[in-house]
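Single-structure report; data block below.
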Amino acid sequence: MAGFTSRTQAVHDITNRKPMDVTPPASLSSLWASDVFTLAKMKECLPKDVFKSLQNTIEHGVGLDVSVADMVALAMKDWALSKGALYYAHVFYPLTNATAEKHDGFISVQSDGSVISEFSGKVLVQGEPDGSSFPNGGIRSTFEARGYTAWDATSPAYIMTTDNGATLCIPTVFVSWSGEALDKKTPLLRANAAMNKAAHRVLSLLGHSDIAPIKSSCGAEQEYFLVDANFVASRPDLLLAGRTLFGAPSAKGQQFDDHYFGAIPERVQVYMQDVEEQLYRLAIPAKTRHNEVAPGQFEIAPFFESANVATDHQQLLMTVLKNTAKKHGLVCLLHEKPFKGVNGSGKHVNWSVGNSTQGNLLDPGHTPHSNMQFLLFCGAAIRGVHKFGPLLRAVVATASNDHRLGANEAPPAIMSVYLGSQIENVFDQISAGTITGSIIPGMMDLGIDTLPVFKKDAGDRNRTSPFAFTGNRFEFRAVGSGQSVAGPLVALNTILADSLHWVADNLEAQLKSGTDLDTAILNTLKTLIDEHGAVVFGGNGYSAEWHKEAVEKRGLLNLRTAADALPVLKSAAVEALFDGQGVLSPVELASRFEIYAEQYILAIEVEARLVVSMAKTGIYPAVVKYLSDLCTCLADLKAHDIALDDSSLNTIATQLSAMTDKAKALSAALTRHDFASIEEHLQFCAQTIRPLMDEVRQHADALEGEVANELWPYPTYQEMLFVR
Ligand code: ADP
Ligand code: MG
């Protein structure tokens, strides 16, 4: 049987694989940013005034002076040619989670037939890819398909080297002919600007006069799985959907916790080293790496950077992870739940706001109770999550993330804030009306003289909260591993902007009526925490009691599926928020709902079709073959008067017909198209298609436990998770 040969062949080949040779890098300093057109490189090759002007744009947010573009383009081209790049690309981020680029050659043919390399400022600043094939959610009709890309000077250009050679990549925004954002970068830049404006207002009211631009920062921890490429090639589900749609649990899973932070397998170690070398060349500060909870699962976390650059780097990191895996005979799975019954993958988005004059505005210092600036910014974040929790749920709503959220390994779908005992206590004091002090964290004495005595953190970690304060930043843990971080960062910065304006309005009104600043701040904080403290929760977010309390007592929403969460994008409150902060117009927001809903439906329909075809063309034939072998064998034995227990015949036959029935029902469900609205279609996918897929799987997985191992057509969980 074909399945038999390819599966055993895969295992055989894999056990004989050797780690690829990766020459140890010369030194970090020779690698670092070698493929990036950095400010330092620009300083070397640009006239002083041109450099100053560009530096002002990049570092201080001053508007771009387009007249410098020609000089920058020339310098950029010379640098790219020196790195062997013959092509350049405007890189943009359409509303899928992908990265898109259109490549053009530097080549320009002259009238006498000779060629020169050419790259003008105009071409650097603006591009016009044919936008018609990118999702636009009804913003453009195809007859007016013009879309423009525009240079984002605040994110550095870099060289990407692939098998096709080297290309100069220029980060850009992507907008329609009428100026509407068709991408993820435009709203991110707008949300940053909105947050800056609001934060500036609050800092001014607090008496600061020297206020540098306030930026948000992001450090994203990326989890991923590595599976041998041979296994993926013989599993249509992994190949096309990025997750297993069938598979009985392995006898050994993650229950021993022996993989977590364990020694990294050699083949993976070599892969990681290769990945890191490329990241360093691209100036992506990869900092930590370790095994994750599930077998075959790993994590990489770069050091935090400004949100815009971090977002571009996050996209690049996912590309590098995937491309490098191919080179090593592996496949990097960024899906949130590749294997049932083992932990899924997330992307923790660490987020803070600050500037060079006032520092990190979410840093509580040693005495948070007297740090009014911190309390106001932290309070604004609390208010934002309380008012717009459903929005935060919506920006992480995808078909794949639904498998993870609320599954006792990742935060629940209910959005709440964890502050840690020290900060929570300060807000309790504010609510009670008098601030007395901060709980002082103790010293950790390990009782062994040779070990250091160190100071404990002010709050313990709480892994069950979707949005946790972790010392000097918030960590948004509900983000999916395969997602762009742009959407979550847009939402966070926008809700913070909205709340900071509320804080500023509140303070201004009181100051105007003669209240002194300290009293005004305390009054504002008290109103804030009394109205929005219901979102603060320090207990176990996985527990059933919390689900009940959150919904019934605290009025928080539990939007279990993406089908429940995505329509939040259409709510009047969310529309007013984005429109009010100048981040997304109602048209832009509506288009996002359309696109994300469509992606959800498409993803589930592709999976459902795979379930039907794998059940019919892979599992059914294998089971029938086994049944027929078994029948022949039992008949032969009977002829010799040997009676063998034949009860499994019945079990198998029953499971097989049940699987076939469910597959038929699923097939039929997929033909339904008469939906009154896109919301109804979403619910149909969540409530009918998904459960049918699960039922087909349940029978198939039961069969996997009955049928001869050598006949089973698809690599098993045991093989995929433990053979490497
Ligand atoms: P853990 O797994 O314990 O949560 P990691 O060290 O793996 O922590 O990741 C923490 C991430 O948070 C890193 O990317 C780090 O750079 C980032 N980070 C640290 N401080 C800040 C900050 N002030 N703002 C944003 N991100 C931060
Ligand atoms: Mg973390």
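These figures come from a predicted structure and were not determined experimentally. In each ligand, atom 1 is the first atom listed, and ligand 1 is the first ligand listed. All values below were derived from every heavy atom in this structure, side-chain atoms included, with hydrogens, water molecules and symmetry-related copies excluded.
Of all atoms in ligand 1, listed by their number and element, those nearer than 4.0 Å to a heavy atom of Glu299 are 7 (O). Within ligand 1, the atoms closer than 4.0 Å to a non-hydrogen atom of Phe303 are 16 (O), numbered from 1 in the order shown. Residue Pro302 approaches ligand 1 through these ligand atoms, each under 4.0 Å from one of its heavy atoms: 13 (C), 14 (O), 16 (O). For ligand 1, the atoms closer than 4.0 angstrom to any heavy atom of Asn360 are 23 (N). Taking a cut-off of under 4.0 Å to the non-hydrogen atoms of Gly219, the atoms of ligand 1 that pass are 14 (O), 26 (N).
Under the 6.0 Å cut-off for aromatic ring centres, Phe339 and Phe225 qualify, their centroids lying closer than that. Aromatic ring centroids of Phe537 and Phe469 lie 6.0 Å or more apart. The aromatic ring centres of Phe476 and Trp351 sit 6.0 Å or more apart.
With a 4.5 Å cut-off on side-chain heavy atoms, Leu189 and Val173 count as touching. Counting heavy atoms from C-beta outward, Phe374 and Leu361 have side chains that stay 4.5 Å or more apart. Residues Pro412 and Leu405 fail the side-chain proximity criterion, which asks for heavy atoms closer than 4.5 Å.
The shell of residues lying under 4.0 angstrom from ligand 1, judged by heavy atoms, excludes Lys287. Using 4.0 Å as the threshold, Glu221 has a heavy atom nearer than that to some atom of ligand 1.
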### Task
Walk me through it: do Lys185 and Asp312 pass the test salt bridge (Lys or Arg N to Asp or Glu O under 4.0 Å)?
CA-CA 9 Å; Lys185 187 190 267 286; Asp312 289 359; 2.6 Å; yes

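Of the candidates Arg473, Arg477, Glu475, Arg473 brings a heavy atom nearest to atom 10 (C) of ligand 1.
Ligand 1 has an N or O atom lying under 3.5 Å from an N or O atom of Phe304, backbone or side chain. The shortest N or O to N or O distance between Asn350 and ligand 1 is under 3.5 Å. Among the atoms of Ser217, none of the N or O lies under 3.5 angstrom from an N or O of ligand 1.
Between Tyr271 and His328, the ring-plane angle classifies as perpendicular under the 30° and 60° cut-offs.
At a 4.0 Å heavy-atom cut-off, ligand 1 does not touch His348 at all.
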